[in-house]
Amino acid sequence: MGVEENFAGEPSELLSDLFRAVNDRIRELKSSATGECDFVCECDDEACMHVMRMTVAEYDSARLDPAQFAVLPGHQRPASQNVLSRSERFVLVKDG
């Protein structure tokens, strides 16, 4: 069974959680990295497989609150997410 079959019809929040899990694994592998690393956009678009550049410190800061997600600029949902901060590389949003 492929990823498409596993997640077809699932709520969009589960996609963000899936992308978050991928990023957590990237973070584990890059524990001693300095500078920027590639992380997966944590938006809820199932077709999005874009990467964003963040430092490990920026990613760790975003993970302090489980309701926060890092997405590429333009990938946020204004109707259901509050923008906490913006940069050229990513937007930090919070659900709710």
Side-chain angles (χ1 to χ4, degrees):
M1 185 180 283
V3 172
E4 296 83 10
E5 295 170 9
N6 285 336
F7 292 97
E10 294 290 334
S12 61
E13 292 79 23
L14 293 180
L15 289 172
S16 295
D17 291 340
L18 171 66
F19 297 144
R20 167 70 53 79
V22 169
N23 285 339
D24 285 346
R25 182 66 180 135
I26 292 169
R27 170 61 180 93
E28 288 175 21
L29 295 171
K30 301 288 186 180
S31 62
S32 63
T34 59
E36 295 175 358
C37 300
D38 288 337
F39 289 95
V40 179
C41 179
E42 296 177 343
C43 74
D44 61 2
D45 180 353
E46 64 189 45
C48 180
M49 293 293 156
H50 298 294
V51 297
M52 59 192 167
R53 304 284 292 169
M54 299 176 77
T55 65
V56 169
E58 288 169 333
Y59 183 74
D60 288 347
S61 178
R63 288 292 288 131
L64 291 176
D65 183 341
Q68 292 180 173
F69 294 91
V71 300
L72 286 168
H75 289 218
Q76 64 271 19
R77 290 178 287 128
S80 61
Q81 293 177 323
N82 298 314
V83 173
L84 302 176
S85 65
R86 294 179 190 269
S87 76
E88 290 181 7
R89 297 173 287 120
F90 65 94
V91 178
L92 187 61
V93 296
K94 184 171 183 170
D95 286 342

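All values reported here derive from a predicted model rather than from experimental measurement.
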key: Residues in side-chain hydrogen bond (donor to acceptor under 3.5 Å, both in side chains) contact with Ser80, at least two apart in sequence or another chain   = Arg77
ask   = What's the shortest heavy-atom distance between Val56 and Lys30, and which atoms?
value = CG2-O, 3.7 Å
Any side-chain heavy-atom pair of Arg89 and Glu36 under 4.5 Å = yes
inquiry  = Can you list everything that forms a side-chain hydrogen bond (donor to acceptor under 3.5 Å, both in side chains) with Glu28? Sequence neighbours excluded, please.
reply    = Arg25
key: Non-neighbouring partners of Arg86 that pass salt bridge (charged side-chain N to carboxylate O under 4.0 Å, His left out), sequence neighbours left out   = none
task = Could you tell me which residues satisfy side-chain hydrogen bond (donor to acceptor under 3.5 Å, both in side chains) with Asp38, sequence neighbours excluded, listed by chain and number?
result = Arg53
query = So do the side chains of Val83 and Lys94 get within less than 4.5 Å of each other, counting heavy atoms only?
reply = no
query = Just by modelled atom types, is the Pro78 backbone N or O under 3.5 Å from a matching donor or acceptor in the Gln81 side chain?
reply = no
message = Phe19: which residues meet the ring-ring contact (aromatic ring centres under 6.0 Å, His included) condition with it, sequence neighbours left out?
response = none
query = With a 4.5 Å limit on heavy-atom distance, are the side chains of Val91 and Ser85 in contact?
reply = no
ask   = Rounded to the nearest 0.5 Å, how far does SG of Cys41 lie from CE of Met49?
value = 10.0 Å
task = For Phe39, check ring-ring contact (aromatic ring centres under 6.0 Å, His included) against everything at least two apart and list the hits.
result = Tyr59
key: Members sharing Leu84's hydrophobic cluster (side chains within less than 4.5 Å)   = Leu92
task = With sequence neighbours excluded, tell me which residues meet salt bridge (charged side-chain N to carboxylate O under 4.0 Å, His left out) with Asp45.
result = none
ask   = Does Val22 reach the side chain of Ile26, with side-chain heavy atoms less than 4.5 Å apart?
value = yes
inquiry  = Within this structure, what is the OG-CE distance for the pair Ser87 and Met54, rounded to the nearest 0.5 Å?
reply    = 8.0 Å
query = Where the side chain of Ser16 meets the backbone of Glu42, is there a donor-acceptor pair that is under 3.5 Å apart?
reply = yes
task = Would you please test Val40 and Met52 for side chain to side chain contact (heavy atoms under 4.5 Å, CB included) and show each step?
result = CA-CA 6 Å; Val40 179; Met52 59 192 167; over 6 Å; no
Let me check something: any side-chain donor-acceptor pairs from residues 66-76 under 3.5 Å, sequence neighbours excluded? List them with distances.
from: Gln68; atom 1: NE2; to: Ala62; atom 2: O; distance (Å): 3.0
from: Gln76; atom 1: OE1; to: Gly74; atom 2: N; distance (Å): 3.0

